[in-house]
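What follows is one structure encoded as structure tokens, with my remarks underneath.
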Amino acid sequence: MNKEYLVIANWKLNMDVNNTNWWVDKFEEHFEESEAYKVAIAPSFTEIPILLNAIGEADLEEDVEVYAQDISQFEKGKYTGEVSGFQLIEHGVMGVIIGHSERRKFLGETNKAINQKIMMATEYDLKPVVCVSNFEQVEAISSILTDSIRHRIVIAYEPLEAIGSGHPDSPEHVDHVLTHIKKILGDSVPTIYGGSVDADNISDYLDSDLISGFLVGTASIKPQDFLDILDRIHEG
Ligand code: PGA
């Protein structure tokens, strides 16, 4: 199997400076390079420089990319509290999670704002990892899909009931949904799965041709849990 999975740690609002440094220390102790995965970590904005610095000190720059958990749909100007693409690339951020269901739910993020964010990320050559939980959200993305977006975008299918619940979706159902997503957006668009993925269940998803990565929340908070996931992927 020569597939390289994109495995993204979504730290959400869980880490501070100390935890970030501790996490990288522990991760570095046991991390093994593998052609089976590429790792990205998405911390809060405030932890981005801390994480990049820790990754540099641990000599992990080649192995671990840093993503943001959001990007402003606005470029520059009177938008209090926003963080723009130009600021993210200045730090060396490589990608951005867009439209996570928690943002859609708690911060009222709309398909329209999400599309603007996808375009903004693409403009700054950041990889947009766009979270969807239903086909209406996928259809909305299809309306802006230019070639340059299609070349960069990753779709993360995250069913609401599976997020943070300990009840992941079945691999069969994930495959069914990803087939449909690819019908809407095109076969070449990479599709990843997120929702209660951990070291105990990840192997169930490795037979699927349609899953090209994972978005991991809870099981990314402890470095050993995340390393165990990577091990399983390496073992195939
Ligand atoms: P979970 O979170 O792994 O805790 O289910 C995934 C996500 O929300 O991205």
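Start at 1 and go down the list; that is how both ligands and their atoms are numbered.
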Pair N111-E136, side-chain donor/acceptor within less than 3.5 Å =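 Yes, E136 and N111 have a side-chain donor paired with an acceptor closer than 3.5 Å.
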Any chance the side chains of N201 and D204 put a donor and an acceptor closer than 3.5 Å?
->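 Judged by distance alone, the side chains do not pair up.
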Are C131 and ligand 1 in contact, using a heavy-atom cut-off of under 4.0 Å?
->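 The answer is no, since C131 has no heavy atom less than 4.0 Å from ligand 1.
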Would you please determine whether A219 falls within less than 4.0 Å of ligand 1 on a heavy-atom basis?
->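 No, A219 has no heavy atom closer than 4.0 Å to ligand 1.
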Does atom CD of E33 have more than 12 heavy-atom neighbours from other groups under 6.0 Å away?
->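 12 or below, so no.
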If the cut-off is 4.0 Å to any non-hydrogen atom of [X], which atoms of ligand 1 fall inside it?
X	answer
G195	5 (O)
A162	5 (O)
G164	1 (P), 4 (O), 5 (O)
H100	7 (C), 8 (O), 9 (O)

Are any of the side-chain nitrogens in E102 or K105 under 4.0 Å away from the carboxylate oxygens of its partner?
->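 A salt bridge is absent here (no side-chain N lies under 4.0 Å from a carboxylate O).
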Would you call K117-E109 a salt bridge at under 4.0 Å N-O?
->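 Salt bridge flag = yes for E109 with K117.
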Are side-chain heavy atoms of F226 and V39 found at a separation under 4.5 Å?
->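 They are in contact (side-chain heavy atoms under 4.5 Å apart), so the answer is yes.
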Shortest non-hydrogen contact between K182 and D187, atoms and distance =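 Where K182 meets D187 most closely, the heavy atoms are NZ-O, 3.3 Å.
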Closest approach of any protein heavy atom to atom 7 (C) of ligand 1, naming residue and atom =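 Nearest neighbour among protein heavy atoms for atom 7 (C) of ligand 1, to 0.1 Å: E158 OE2, 3.1 Å.
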With a cut-off of under 6.0 Å to the ring centre and 45° to the axis, is K38 in cation-pi contact with Y5?
->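 Relative to the ring axis of Y5, which defines the angle, K38 lies outside at least one limit.
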Have a look at ligand 1 and work out which part of N10, if any, has a heavy atom under 4.0 Å from it: side chain, backbone, both or neither.
->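 N10 to ligand 1: side-chain contact only, backbone stays beyond 4.0 Å.
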Under 4.0 Å, heavy atoms only, figure out whether ligand 1 is touched by the backbone of S165, its side chain, both or neither.
->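 Under 4.0 Å from ligand 1, S165 contributes no heavy atoms.
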May I ask which of I221, T218, V216, I8 has a heavy atom nearer to atom 4 (O) of ligand 1 than the others do?
->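 Shortest heavy-atom distance from atom 4 (O) of ligand 1: T218.
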Please confirm whether G217 comes within less than 3.5 Å of ligand 1 when only nitrogen or oxygen atoms on both sides are compared.
->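 The answer is yes, given that G217 and ligand 1 share an N or O pair closer than 3.5 Å.
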